[in-house]
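See structure below.
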Amino acid sequence: QVQLVESGGGLVQAGGSLRLSCVASGRIFSINRMGWYRQAPGNQRELVAASTRGGNTNYADSVKGRFTISRDNAKNTVYLQMNSLKPEDTAVYYCNARLLVRFGDYETDYWGQGTQVTVSS
């Protein structure tokens, strides 16, 4: 069984910073892609940032230059450093990991429970 546990959300004023963390645990053979998605009320879940095991990253246009994703592969952990936060960044942020439970399996997506980020104006 695989679990993803997020931490680091909270309430911050516009212009402030937060750092999200997500640890994957359980029966894991390898993790390819780890990333962060977010969902605001009434909106669809959207990709914020993602990182492959090799270090390739991609970001939503709305967060480029403000957010930075990083990984510690040895700890199965992904981070999201969020700077210059805006009220429109307010959402529930979900950690995602695309991984193999066993060698030879198909890759499967796993999700964390979500952490609330609220940016006040």
Would you say E107 has more than 12 foreign heavy atoms packed within less than 6.0 Å of its CD?
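Correct, the count exceeds 12.
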To the nearest 0.5 angstrom, please state how far the [atom1] atom of [X] sits from the [atom2] atom of [Y].
| X | Y | atom1 | atom2 | result |
| --- | --- | --- | --- | --- |
| T68 | N83 | OG1 | CG | 6.5 Å |
| L11 | Q116 | CG | CD | 9.5 Å |
| R102 | S30 | CZ | OG | 12.5 Å |
| N32 | L99 | CG | CG | 9.5 Å |

For I31 and R71: C-alpha separation, side-chain torsions, deciding distance, then whether side-chain contact (heavy atoms from CB on, under 4.5 Å) applies.
CA-CA 11 Å; I31 303 177; R71 285 176 63 168; 3.9 Å; yes
Could you pull out the closest heavy-atom pair between [X] and [Y], with the gap in Å?
| X | Y | answer |
| --- | --- | --- |
| L18 | G8 | CD2-O, 3.9 Å |
| A14 | S121 | CB-CA, 4.4 Å |
| M34 | A24 | CE-CB, 4.4 Å |
| A49 | L80 | CB-CD1, 4.1 Å |
| L4 | C95 | CD2-SG, 3.6 Å |

Under 4.5 Å between any side-chain heavy atoms of N73 and R53, yes or no?
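The answer is yes, as the side chains (C-beta and beyond) meet within the 4.5 Å cut-off.
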Does the pair E46 and N43 meet the rule for a side-chain contact (heavy atoms from CB on, under 4.5 Å), with working shown?
CA-CA 8 Å; E46 62 175 1; N43 291 354; over 6 Å; no
Applying a strict under-4.5 Å side-chain criterion to I, L, V, M, F, W and Y, I'd like to know whether [X] and [Y] cluster together.
| X | Y | value |
| --- | --- | --- |
| V78 | V2 | yes |
| L85 | L20 | yes |
| M82 | V119 | yes |
| V92 | V12 | no |
| Y94 | Y110 | no |

Backbone N or O of [Y] within a donor-acceptor pair of the [X] side chain at under 3.5 Å?
| X | Y | result |
| --- | --- | --- |
| S51 | T57 | no |
| E6 | Q113 | yes |
| R66 | S84 | yes |

Would you please test D109 and N96 for side-chain contact (heavy atoms from CB on, under 4.5 Å) and show each step?
CA-CA 7 Å; D109 279 324; N96 167 265; 3.6 Å; yes
Remaining members of hydrophobic cluster (4.5 Å side-chain criterion), Y79
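Members alongside Y79: none; it stands by itself.
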Mind jotting down which residue pairs meet the salt bridge (Lys or Arg N to Asp or Glu O under 4.0 Å) criterion with at least one end in residues 12-28? Sequence neighbours excluded, please.
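Sorted result for residues 12-28: empty, none.
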Between D89 and K86, does any side-chain N to carboxylate O distance fall below 4.0 Å?
no
Applying ring-ring contact (aromatic ring centres under 6.0 Å, His included) as the test, list every pair that has at least one member in residues 22-78; sequence neighbours left out.
F29-F103, Y37-W111
